[in-house]
Amino acid sequence: MPFIPHTEEELRQMLDVIGVDSIEQLFDEIPAKLRCGELQGLGSGLWEQDITRLMQDKAREDGQPLCFIGAGAYDHHIPAAVWQLASRGEYYTAYTPYQAEASQGTLQLLYEYQSMMTELMDMDVSNASLYDGASALAEAVLMAVRANRKSRSRHILVPASLHPHYRATVRTLVKNQGIELVEIPYDRSTGQTDLQALAQHTGQDLAALVVPQPNFFGVLEDVDVLTEWARANGALSIAVVNPLAMAVLHPPGEWGEQGADICCGDGQPLGAPLSSGGPYFGFLCSKQTLVRQMPGRIIGRTVDLDGKEGFALTLQAREQHIRRSKATSNICTNQGLMVTAATIHMSLMGADGLASTASRCHSNLQLLVEKLTSLGEIEPLFSGPVFHETVLRLPLEPRRVLRTLAAHNILGGYDLAGHYPELGNALLVCATENRNQDDIDKYRLKMEQVLASRRQGACATMAKFDRE
Amino acid sequence: MPFIPHTEEELRQMLDVIGVDSIEQLFDEIPAKLRCGELQGLGSGLWEQDITRLMQDKAREDGQPLCFIGAGAYDHHIPAAVWQLASRGEYYTAYTPYQAEASQGTLQLLYEYQSMMTELMDMDVSNASLYDGASALAEAVLMAVRANRKSRSRHILVPASLHPHYRATVRTLVKNQGIELVEIPYDRSTGQTDLQALAQHTGQDLAALVVPQPNFFGVLEDVDVLTEWARANGALSIAVVNPLAMAVLHPPGEWGEQGADICCGDGQPLGAPLSSGGPYFGFLCSKQTLVRQMPGRIIGRTVDLDGKEGFALTLQAREQHIRRSKATSNICTNQGLMVTAATIHMSLMGADGLASTASRCHSNLQLLVEKLTSLGEIEPLFSGPVFHETVLRLPLEPRRVLRTLAAHNILGGYDLAGHYPELGNALLVCATENRNQDDIDKYRLKMEQVLASRRQGACATMAKFDRE
Amino acid sequence: MLIFEHSRPGRRAQAQAPKSATRLEGIPAALQRKRKPRLPEVSEMQAVRHYTRLSQKNFSIDTQFYPLGSCTMKYNPRACNTLAMLPGLVNRHPLAPDSHSQGFLSAMYELQEILKEVTGMSAVSLAPMAGAQGEFAGIAMIRAYHDARGDTGRTEILVPDAAHGTNPATAVMCGYKAREIPSKADGDVDMDALEAALGPQTAGIMLTNPSTLGVFERRIKEIADRVHEAGGLLYYDGANLNAILGRVRPGDMGFDVIHMNLHKTFSTPHGGGGPGAGPVGVSKRLQPFLPVPMVGTDGHDYHWLSEEQCPQSIGRLSAFAGNAGILLRAYVYAKMLGAEGMQRVADYSTLNANYMLKRLMDAGFTAAYPERRATHEFIITLKNEARELGINAMDFAKRLLDYGIHAPTTYFPLLVPECFLIEPTETEARESLDAFIDAMIKIREEARTDAEWVRGAPYTLPVRRLDDVRAARELDLRWQAQEERA
Amino acid sequence: MLIFEHSRPGRRAQAQAPKSATRLEGIPAALQRKRKPRLPEVSEMQAVRHYTRLSQKNFSIDTQFYPLGSCTMKYNPRACNTLAMLPGLVNRHPLAPDSHSQGFLSAMYELQEILKEVTGMSAVSLAPMAGAQGEFAGIAMIRAYHDARGDTGRTEILVPDAAHGTNPATAVMCGYKAREIPSKADGDVDMDALEAALGPQTAGIMLTNPSTLGVFERRIKEIADRVHEAGGLLYYDGANLNAILGRVRPGDMGFDVIHMNLHKTFSTPHGGGGPGAGPVGVSKRLQPFLPVPMVGTDGHDYHWLSEEQCPQSIGRLSAFAGNAGILLRAYVYAKMLGAEGMQRVADYSTLNANYMLKRLMDAGFTAAYPERRATHEFIITLKNEARELGINAMDFAKRLLDYGIHAPTTYFPLLVPECFLIEPTETEARESLDAFIDAMIKIREEARTDAEWVRGAPYTLPVRRLDDVRAARELDLRWQAQEERA
Ligand SMILES: Cc1ncc(COP(=O)(O)O)c(C=O)c1O
Ligand SMILES: Cc1ncc(COP(=O)(O)O)c(C=O)c1O
C-alpha cells in the first residue's frame with residue numbers, strides 16, 4: 001500500500017510524455033546483472049486496519065507496568081496540548097527550514113526554544129538541538145577541544161558518576177579523533193565526584209572537565225567547586241544536566257565564578273514521552289564567545305525586505321552543508337519535532353510549573369525512600385544530597401527482587417550491578433510526580449513480601465509468588 | 001483550574017476601569033437571598049495530571065472486550081487520518097459558521113458532505129446533520145407530516161422491525177404534536193415487514209410509511225414494494241438506512257419507481273467511534289421538492305463581491321433563529337464535528353473502500369454464523385436475506401450465555417428478549433470487518449464450552465467457568 | 001477547490017481497504033447497488049492536504065478571539081479531548097453489559113451529581129443531545145406533569161421577546177402555542193404584561209437568567225411566584241449558566257426545570273456547529289418524567305435506568321445515551337474546575353464583560369442597557385453609527401474579521417436594533433479585550449473617512465463578502481459531476 | 001509576536017501544575033536556584049493559540065507540494081504516528097525488562113530483518129539516530145575493521161565532489177582525511193581520477209547510488225572491484241534508497257556498509273528538521289563491528305544485544321536505543337508497503353521524476369544531464385535564465401513559494417551552477433507535477449516582463465525575503481527581557 005495516487009490511465013499518459021513503454025525502461029541504465037528479484041520475506045502489504053490490530057496487540061503485550069526506573073529517562077506528565085499541537089501536519093511534515101519565508105512557524109518556534117533554553121540554563125546561546133543527551137555530550141567534548149585556546153590537550157576528565165551510557169557514547173564518538181577520556185572516581189560514601197582524585201590532575205594540560213548535575217546516582221555534585229577547579233586548571237567546564245532539575249537547582253550559567261562554559265543534556269523531561277528511549281533531544285548551550293564552535297543549527301532573528309521581523313537559519317558556515325569537511329560536526333537532521341514539543345511544554349508549564357513538577361518528583365522520592373527504608377533492611381547507599389533519584393542498598397540481589405516485582409507489574413528500579421559491581425546490591429530508584437501515594441504503597445507492600453519470603457528462605461514460596 | 005489568564009494586577013486594574021472594588025460587586029443586581037454558598041460535594045479542582053490518571057483508571061476498568069454487538073452501533077476501522085484532522089483546533093473549536101467569510105473551512109466541508117451524502121443515498125438534497133439516527137427519523141416524520149400535501153393524516157406506519165430505540169425516540173419526539181405511530185408487524189419466518197398486515201392499511205389516509213434497510217434484525221426489506229405501496233397510497237416513504245450498507249445496497253433514491261421521498265439514518269458507521277453511543281450524527285436527505293420543509297442547517301454555494309466562489313448557510317428562513325415558532329424544527333447546535341470526520345472518512349474510503357468494508361463485514365457475518373451453527377444447537381432465526389447482522393436462535397437463554405462470554409471478555413451479541421420476547425432465545429449478532437478469523441474462532445470456542453457445560457447440566461461447573 | 005475536483009477515476013487511498021468488493025453472499029441482485037456513488041477518488045495524501053488546508057480557512061477559538069454572545073466560546077481544554085478518546089472509553093459499545101461499563105457509568109453518575117449541585121435541582125438526566133433537545137425534554141416534562149394531573153387545559157408557553165429562537169420553536173414542538181412577553185426598557189420582563197398573559201391556559205414560562213439581553217432578571221422570585229400561583233411551571237434555559245456558576249442557582253430561583261449547554265458552560269467543543277450536550281435538571285415534582293436513560297447506583301455498582309425503572313418518563317431522546325463522548329469531556333472539565341473553579345468562571349467571565357462594556361461606553365459606543373451591570377455578556381447597539389456614519393452592525397462585524405477577531409453575535413436579540421451581543425468568556429486575557437475595543441474604535445474612524453470601504457469588508461479572508469441572497473435564490477446545495485451539470 | 005510577548009508576571013496555565021513549589025528536602029541552599037528563569041507566563045489557551053497560529057506559517061507536506069531534492073518529502077502516513085503513540089508503546093521505559101518488552105522488541109527485530117532484505121546486507125543495527133550518525137557508524141566500522149586487521153596506514157576516505165556535506169564531515173569525525181573525486185560531464189564518477197586517488201592510504205569510499213546528481217552510477221561494479229582491490233571498503237549513503245527499493249540492492253552492488261534514512265525512504269516525519277533514524281547495514285566482514293544495542297532472538301523470545309555480546313562493536317551511539325519511536329513508525333510503514341509496495345515506491349518515484357524532467361526540458365529548461373535517465377530526482381540548471389533574464393535559482397525558488405509550492409533543493413550539489421535538485425516522490429499526483437511545471441514557465445514569463453519583480457518575491461507569505469547577512473552579522477539568537485536589552 002505505497003500511497004501512490006496514479007491511475008492506470010495517468011501512468012500510460014506519463015509514460016507517453018516521457019517516451020517510454022514501461023516503467024521498467026526507466027531503469028535501463030542499471031546493469032541488468034545487478035537487478036534484484038522480488039524481495040523475500042517481506043510478505044504482502046498490510047492495510048491500515050490490519051497493522052492497527054498488529055500494533056495494538058504488541059502494545060498490549062508490553063503492558064503498562066508501574067515504573068520506578070529513571071536512569072536518564074523519566075515518566076513525567078505531558079500536557080495533552082503538547083502533542084496535539086506538535087503533531088499538527090504543519091510541524092510534523094515540514095523539513096529543515098531552508099526556505100525561511102515558508103518556514104516561519106518552525107523558525108520562530110526554534111528561536112523561542114533557544115530563548116527558553118538559555119533562560120533555563122542561564123547561558124548565552126543555544127543551538128536548535130542535537131540527537132540526544134549522550135551524543136550532545138560528545139559534541140560538547142569535541143567543541144571544547146576545538147574551543148579551548150589555552151590547551152593543546154585532547155584529554156577530557158569524565159567522572160565515573162556520569163551516566164555509564166553517556167560515557168560509552170562519548171567514547172564511541174570521540175575516540176577516532178584521538179581524544180582521551182580520563183575517568184575520575186566517585187567518593188564511595190557521598191556518591192559525589194572524588195575531589196582528592198581530581199586534585200591529582202591539578203596542573204595538567206586538560207581540554208575540559210565534565211560536570212554532571214545531578215549525577216547518575218541522583219547525587220548532587222559540588223558544581224561550584226568543580227567548575228572553579230576546571231577554570232583554575234585551564235580546562236573548559238562542560239555541564240551535563242537534567243533540564244527539569246534546573247528549574248529548582250543552581251543553573252550552569254551560575255556555577256563557580258563565571259559559570260560553566262558549555263552545557264548540555266537530554267531534553268526528554270521537557271515533553272518527550274518515554275517511548276522506549278527515543279526520540280528525545282540533546283540540547284547544547286554555551287557562552288557567547290564559543291558560538292562559532294557550536295555544532296548544529298542555530299536560528300537568528302532578522303528582518304525582511306520591508307524591514308519586518310523574521311527568523312532564519314544563521315551561522316551556517318559552521319555546518320556541513322556549507323563547510324563540508326571543515327564543519328563543526330556532521331550533524332544534519334536533528335530532533336526538531338521534539339524541540340517543538342519541548343517549546344510548547346515549557347510554555348505551558350512556565351518556570352513555576354517546572355519547579356513544581358521538579359519538587360513534587362523530589363518529594364515523591366523522599367516518600368519512596370522513607371517507605372522502603374522503613375522495611376528495615378533497605379537503606380540509602382550514599383550520603384550526598386540527592387535530587388529526584390537515589391541509590392538504595394538491598395539485602396539481596398536487585399536482579400532477583402526486580403524479577404519478582406516485574407511479575408507484579410512493578411518496574412522497581414535500575415540494577416547497578418552491571419556498571420558498578422563494586423557497590424554490591426545497589427538499586428537506583430526514581431519516583432516522578434506521576435507516581436502517587438498509592439503507587440508507592442503498592443511498591444512498598446510488594447517489596448515487603450519479597451523480603452519476607454526471602455527471610456523464610458523458602459525458594460518454593462518464592463517461586464510460587466513469582467508466578468502469582 | 002478554570003483556565004483563567006488574569007493576574008492579580010490585571011484584576012485590580014480592570015476593577016478600577018469598571019469602577020468597582022471587587023468582583024463581588026458586579027453581582028450586586030442579584031438579590032442577596034438567592035445567592036448560594038460554596039457548591040458542595042464537588043471537591044477541589046484536579047490538575048490535568050490527576051484527572052489523566054483518573055480517566056486512565058476508568059478506561060482500564062471497562063477493558064477492551066471483543067465485541068460482536070451491533071444493533072445500531074458498529075465497530076468499524078477508522079483511518080488514523082480522520083480524527084487527527086477532525087480534531088485540529090480550527091475544526092474542533094469553531095462554532096456554527098454564522099460569519100461565512102471566516103468559516104469557509106467548515107462551510108466548504110459541509111457542502112462536500114452534502115454532496116457525498118446525496119451521492120451515497122442517490123437523493124437530491126441533504127442537510128448538514130441532525131443529532132442521531134433516531135432523532136433524525138423523528139424529524140423526518142415531522143417533515144413528512146408537513147410536506148405531504150395529499151394527506152391530512154397524522155398517522156405514520158412504522159414497522160416493528162425498526163430498531164426499538166428508534167421507535168421509542170420517535171414516539172417521544174412526535175407524540176405531543178398529535179402524531180400517531182401505527183405499528184406494522186414483521187413476518188415471523190422471514191423477519192421482514194409483513195406485507196399482508198400492511199395491506200390492511202391500503203386506502204387509508206396516511207402521512208408516511210417508514211422503511212428500514214436493513215431492519216433491526218439485519219434482514220433486508222423488500223424496499224421497492226414498500227416504497228411503491230406508500231406512493232400508491234398517498235403516503236410519503238421515509239427510508240431509514242445504514243449508510244455503509246448503501247455502498248453495496250440499492251440506495252433509497254432508487255427504491256420503487258421514483259425513489260423514497262425522505263431518507264435518514266445514523267452516520268456512525270462513517271467515521272464515528274463507538275464511544276458509548278455518541279456523539280454520532282443523524283443524516284437527512286430528501287427530494288428537491290421537499291427542501292423547504294427540511295429541518296437543520298443547509299449550506300449553499302454562492303459567490304462573493306468579486307465573483308469568487310464561496311459557501312454560506314442558506315435557506316435560513318426554515319430555522320428557529322429566523323422563523324422562531326414557525327421554524328421546521330427547534331434544532332440549533334447539530335453534530336458538526338462528527339460530520340467533519342465523516343466527510344474525511346468518506347474521502348479516504350471512497351465508494352470502493354466503503355463497498356469493500358461493507359462486503360467484508362458481510363463475509364465475516366457469514367463466517368460467524370457458519371461457525372456458530374456448526375455447533376449444532378444454534379440456527380438462524382429468520383429466512384430473509386441479511387446484511388452484516390443477523391438473529392440466531394440459541395438453545396438457552398441469551399442472558400446466561402452472554403454473561404459467561406462477558407466473563408471471558410467477549411460481548412457475544414444483543415439479547416432480543418427485552419424487545420421481542422415472542423422470539424424466544426433470540427440473539428442479534430454482528431461481526432464487522434474489525435473482527436478477524438481468530439476472533440470468530442475464539443467466540444465459537446467459548447460458545448462451545450458454554451453449550452457443553454450446559455449439557456453437563458452442572459451449575460457448579462458453570463459457576464466455576466464463570467469465574468475463571 | 002472541492003475534494004471532488006481532486007478526484008480521478010480509479011485513484012484510491014489504497015491503505016484503507018482492499019480494492020475489490022467480495023461477493024455479497026445471500027443478497028438478491030435486486031437489492032444490490034448498481035451505480036457506484038460518485039464519492040471522491042483521491043489518494044490519502046490528497047485528502048489529508050485538502051482537509052488540512054481547508055481547516056486553515058476557519059476562525060476558531062484556537063486561533064482567534066471569538067466573542068460570540070450567547071455561545072460561550074471559551075477555551076476547550078485539550079485534555080478533555082485526549083481523555084475522552086482513551087481507547088478503553090472511545091471503543092466502548094453503547095450496549096456493553098454493566099460488567100464492562102463501570103468506569104464509564106461511574107463518570108456519568110458523578111456528572112449527574114455535579115450538575116444537580118451546580119443547578120440546585122433534585123435530579124438530572126444527561127440524555128438530551130444539545131440545548132434545544134434539552135428544551136424539548138423540559139417542556140415535554142412540563143406537559144407530562146400537567147397531563148399526569150389531568151390538568152389538560154393548559155395550551156400556552158410564555159416566552160419573553162428576547163428569548164432565543166429555540167424557545168418558541170420548542171414550545172411548538174411540544175404542541176404548545178408560544179406567547180411572547182415583552183421586555184421593559186431596563187431589560188427586565190414587563191411584569192404587567194406577564195400578569196396579563198397568565199391564566200388557566202398557561203402551562204409554563206421559558207426564561208433565561210441572565211437573559212439574552214445580558215442582564216440579570218432581578219424580579220425572578222416574583223415571576224416564579226406569580227407563574228406558580230397561576231399553575232404554570234418555570235423553565236430555565238441554561239445557555240447562560242456560565243455567568244452564575246457557583247453564584248446563584250436556578251433551583252434556588254424557583255425554576256422547576258433547566259437544561260444546560262455543556263458545550264458552552266462546560267467547554268466541550270463547538271466543533272463547527274456541534275455536537276453539544278443538553279442535560280436537564282428538575283425539581284422533585286418533575287423527577288418522574290425525566291428522559292431515559294439515566295445512571296443509578298446501589299452504592300457500589302452503577303447501572304442504567306430505563307423506561308422499566310422510570311415508567312412515567314417522557315421516554316428516549318436518542319438511540320443510545322445521548323452524546324456520551326461529549327458528556328465525558330464535560331466530566332473531565334468539571335473535575336478540573338472543582339467547586340472553587342466553577343465560581344471563578346462566573347467571576348471572571350463577568351469581570352471581562354463588564355470591563356469591555358465600560359471601555360466601549362467610555363469610547364462612545366452605546367450600551368443597550370447602560371444602567372445595568374453586564375453579566376457574562378452585554379449588548380451594544382450600533383444604531384447611532386448606522387445613522388450617522390452609514391455603517392451598520394453587519395459592516396462592523398465583517399470589518400472586525402479583518403482585524404483577526406471573530407464578530408460578536410449580531411442582530412440578536414431581535415428587539416435591540418443594530419446590536420452586538422458580546423461574550424468574551426473568562427478564558428480571554430485582557431489583551432484580547434483591549435484589541436477588540438481598539439478595533440472597534442479604529443473601524444469607526446475608518447468609517448468617518450471612507451464608509452464605503454468599511455462596507456466592502458472583509459478584505460483579508462479567503463473570500464470577500466458573500467452573496468447570501470443568491471445562495472438562497474439559486475440553490476446550489478451539492479456538487480454535481482460534469483456530465484450531470486451539462 | 002513571540003510567546004514571551006504574551007507573558008505577564010504571575011499568569012499561568014493553572015491546570016498543569018500547582019502554583020507553589022514544595023520544599024526541596026535535603027538539598028543545600030547553595031545548590032538551589034535563586035533567580036527564576038524567565039520562561040513565558042501564559043495561559044493554556046494563549047499557548048495553544050500561539051502555537052496553532054505559528055504552525056500555519058509553515059509549508060509542509062500536509063499542505064504543499066515539497067519537492068526538496070535529496071530529502072524525499074513524501075506523504076507521512078498518519079497511521080504511523082497514531083500507532084507509534086499507542087499508550088503501551090509510548091509509555092515504555094527504555095530500561096524496562098525483557099518481560100515487558102516483547103511487543104516492542106519483536107517489532108525491532110522484524111525491522112532489522114526487513115532492512116537486511118531491502119538492502120541486501122548481512123546484518124543491520126538500528127542504533128544511529130539520523131543519516132549523518134549512520135554515516136559515522138559506517139565509517140567508524142570501516143576504521144575498526146582496518147584496525148582489527150592491524151592495517152593502520154589507511155588515512156583517507158574518498159568522496160565524490162557531488163557528495164552531501166555530511167560525507168566529508170563524517171570522514172573527518174572518524175579521524176580520516178576526506179579526498180574529493182571529480183564527476184564526469186555525464187554525472188558518473190571519473191574512473192581515471194578514482195584510479196589515481198586509490199592507494200594504500202585508502203580506507204574506503206563513500207558513494208550514493210543513485211548519486212546526488214540524480215543519476216545512477218553505471219560503473220558501480222567496476223568501482224567496487226577497484227576499491228576492494230586497493231584494500232578499501234565501500235560505503236553507501238542510503239539517502240537515495242527510495243529510487244531503487246526492490247529494484248537493485250546496495251549489497252548486490254558490492255557495498256560493504258550502508259546507512260538508510262528512514263525519515264526519507266520509510267516516510268517517518270521530517271518534523272521541521274528531525275528526528276530521523278539512520279540504521280546501518282553491513283556485509284559479513286563488518287558484522288562484528290555494528291553499533292549496539294541490537295535485538296536478538298532465540299527463536300521464541302527477543303532480547304537486547306549489547307557490548308557484552310558484541311565485544312568488537314564500535315559501541316553505543318546514544319544513551320538508549322536510538323530513535324525508537326521513529327523506528328516504530330518506519331516498521332509500520334514497511335509492513336504497510338510489503339514487498340510489492342516497496343518496488344512500486346521506486347517505480348513511481350522514478351516515473352514522477354522522469355515525467356517532470358521531460359516536461360521541463362520540453363518547456364525549454366536545461367537539464368544538467370540531458371542524456372541521462374532521471375532517477376527519483378534530477379537536476380536542472382538555471383544558468384541560462386540567470387544570464388539571459390537576470391533571475392537566478394534563488395529567485396525562482398522564492399517565487400515558487402508564491403505559487404504555493406515549496407522550492408526544490410537549490411545550489412546543491414555544488415558543482416552544478418544555479419541548480420535545482422528536484423525530487424517529486426511517488427506520493428504526488430500528476431496534478432502537482434504539472435502545477436510545478438506551469439509555475440516555472442510562468443515565472444520565466446514574469447521575468448521576461450519584469451525581472452525586478454520576480455527578484456522581490458515572495459509576496460504572499462508571512463514575511464518577504466529575509467536578510468540572511470544581517471542575521472549572521474548582528475546575531476540575535478534569543479529573546480531578552482526588556483530590562484536586559486536596555
Ligand atoms: C440562549 C440560548 N438558548 C438555547 C440555545 C440552544 O442550544 P443548542 O444550540 O445547544 O441547541 C442557545 C444556543 O445557541 C442559546 O444561546
Ligand atoms: C545524500 C544525503 N546524505 C546524507 C544525508 C544526511 O542525513 P541526515 O540528515 O539524516 O543526517 C542527507 C540528508 O539530507 C542526504 O541528502
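Reckoned from all heavy atoms, side chains included, excluding hydrogens, waters and symmetry mates. What you see is a predicted model; the values in this text were computed from it and never measured.
In terms of modelled atom types and a separation under 3.5 Å, the side chain of B/T314 and the main chain of C/A472 share a donor-acceptor contact. Looking at B/Q177, its side chain does come within 3.5 Å of a backbone N or O of C/M173 through a donor-acceptor pair. A donor-acceptor pair under 3.5 Å links the side-chain atoms of B/H165 to the main chain of C/A319, judged by distance alone. In terms of modelled atom types and a separation under 3.5 Å, the side chain of B/T93 and the main chain of C/S60 share no donor-acceptor contact. In this structure a side-chain-to-backbone donor-acceptor pair under 3.5 Å is missing from B/D62 to C/G88. With B/Y111 contributing its side chain and C/W479 its backbone, the two residues share a donor-acceptor pair below 3.5 Å. The closest donor-acceptor contact from the side chain of B/Q64 to the backbone of C/N91 lies at 3.5 Å or more, if one exists at all. A donor-acceptor pair is defined here as one N or O able to donate and one able to accept, closer than 3.5 Å; no such pair exists between the side chain of C/D252 and the backbone of B/C36. No side-chain donor-acceptor contact under 3.5 Å links B/N176 to the backbone of C/G175. Listed for the C/T427 side chain is no donor-acceptor partner under 3.5 Å among the backbone atoms of B/F3.
Of the two parts of B/T343, the backbone and the side chain both hold a non-hydrogen atom closer than 4.5 Å to a non-hydrogen atom of chain C. Contact annotation for B/S44: only backbone heavy atoms (N, CA, C, O) come within less than 4.5 Å of a heavy atom of chain C. Within the 4.5 angstrom heavy-atom criterion, only side-chain atoms of B/Q366, from C-beta onward, approach chain C. Heavy atoms closer than 4.5 Å to chain C are found in both the backbone and the side chain of B/V303. Interface residue C/M342: only side-chain heavy atoms are found under 4.5 Å from chain B. The contact between C/I114 and chain B is made by backbone and side chain atoms together, counting heavy-atom distances below 4.5 Å. Within the 4.5 angstrom heavy-atom criterion, no atom of B/F281 approaches chain C. Proximity to chain C (any heavy atom under 4.5 Å) is shown, for B/L402, by neither the backbone nor the side chain. B/R297 touches chain C through its side chain: at least one heavy atom from C-beta onward sits under 4.5 Å away, while N, CA, C and O do not. For B/E319, no part lies near chain C; criterion is any non-hydrogen pair under 4.5 Å. Only the side chain of B/Y166 comes within less than 4.5 Å of a heavy atom of chain C; its backbone N, CA, C and O stay farther away. Only the side chain of B/L85 comes within contact range of chain C, with heavy atoms under 4.5 Å apart. Looking at C/A140, both its backbone and its side chain come within 4.5 Å of chain B, counting heavy atoms on both sides. In this structure, no portion of C/A15 lies under 4.5 Å from any heavy atom of chain B. Residue C/Y51 touches chain B through both its backbone and its side chain, counting heavy-atom pairs closer than 4.5 Å. The parts of B/C332 that come within reach of chain C are both its backbone and its side chain, each placing non-hydrogen atoms under 4.5 angstrom from that chain. Interface remark: C/K74 contributes no atoms to any contact with chain B (heavy atom separation under 4.5 Å). Contact of C/R143 with chain B is made through the side chain alone, with heavy-atom distances under 4.5 Å. In this structure, chain C has heavy atoms under 4.5 Å from both the backbone and the side chain of B/I51. Heavy atoms of C/P458 lying under 4.5 Å from chain B belong exclusively to its side chain. Looking at B/D75, neither its backbone nor its side chain comes within 4.5 Å of chain C, counting heavy atoms on both sides. For chain C, no part of B/R60 is nearby; none of its heavy atoms comes within less than 4.5 Å.
Most heavy-atom pairs under 4.5 Å with chain B: of the set C/R359, C/K34, C/H164, this distinction falls to C/H164. Between chain B and the residues C/L39, C/L466, C/D62, the most heavy-atom pairs under 4.5 angstrom are made by C/L466. The residue among B/G310, B/A81, B/G72, B/A73 with the most heavy atom pairs within less than 4.5 Å of chain C is B/A73. Listed options C/Q64, C/H50, C/Q56, C/E41 were ranked by heavy-atom pairs under 4.5 angstrom with chain B; first place goes to C/H50. The residue among C/K398, C/K57, C/R344, C/M336 with the most heavy atom pairs within less than 4.5 Å of chain B is C/M336. Between chain B and the residues C/A407, C/G272, C/G325, C/A17, the most heavy-atom pairs under 4.5 angstrom are made by C/G272. By number of non-hydrogen pairs under 4.5 angstrom with chain B, the leading residue of C/L461, C/L401, C/D347, C/N76 is C/D347.
Between B/T172 and C/R316, the shortest heavy-atom contact is OG1-O, 2.8 Å. In terms of heavy atoms, C/E426 sits closest to B/P5 at O-CD, 3.3 Å. Residues C/Q133 and B/Y131 approach most closely at N-OH, 3.5 Å, considering heavy atoms. Of all non-hydrogen atoms in C/G276 and B/Q335, the two that sit nearest each other are N-OE1, 4.4 Å.
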* **Worked verdict on B/F387 versus C/L31 for side chain to side chain contact (heavy atoms under 4.5 Å, CB included)** => CA-CA 11 Å; B/F387 171 76; C/L31 291 177; over 6 Å; no

* **B/Q320/C/V172 under side chain to side chain contact (heavy atoms under 4.5 Å, CB included): CA gap, chis, key distance, verdict** => CA-CA 11 Å; B/Q320 45 71 29; C/V172 169; over 6 Å; no

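Between B/E29 and C/R372 there is a salt bridge, with a side-chain nitrogen of the basic residue lying less than 4.0 Å from a carboxylate oxygen of the acidic one. A salt bridge does not link C/R464 with B/D304: none of the charged nitrogens is closer than 4.0 Å to a carboxylate oxygen. The pair C/K36-B/D352 meets the salt-bridge criterion, with a side-chain N (NZ, NE, NH1 or NH2) lying under 4.0 Å from an Asp/Glu carboxylate O. For B/D122 and C/R35, the salt-bridge test passes: some basic side-chain N is under 4.0 Å from an acidic carboxylate O. Remark: B/E119 engages C/R38 in a salt bridge, criterion side-chain N to carboxylate O under 4.0 Å.
For C/Q16, the side chain to side chain donor-acceptor pair (under 3.5 Å) test picks out A/E48, B/H77, C/E44, with sequence neighbours left out. For C/Y66, the ring-ring contact (aromatic ring centres under 6.0 Å, His included) test picks out C/H406, with sequence neighbours left out.
In this structure, C/F412 has its ring center no closer than 6.0 Å to that of B/H321.
Interatomic distance, B/L26 CG to C/T350 OG1, rounded to the nearest 0.5 Å: 7.0 Å. Within the model, atoms CG of B/L411 and CG of C/L95 stand 10.0 Å from one another, a figure rounded to the nearest 0.5 Å. Interatomic distance, B/Y95 OH to C/L68 CG, rounded to the nearest 0.5 Å: 8.0 Å. For the atom pair CG of B/L39 and CD of C/E340, the computed distance is 11.0 Å after rounding to the nearest 0.5 Å. Between atom CZ of residue C/R218 and atom CG of residue B/L34 there is a gap of 13.5 Å, rounded to the nearest 0.5 Å.
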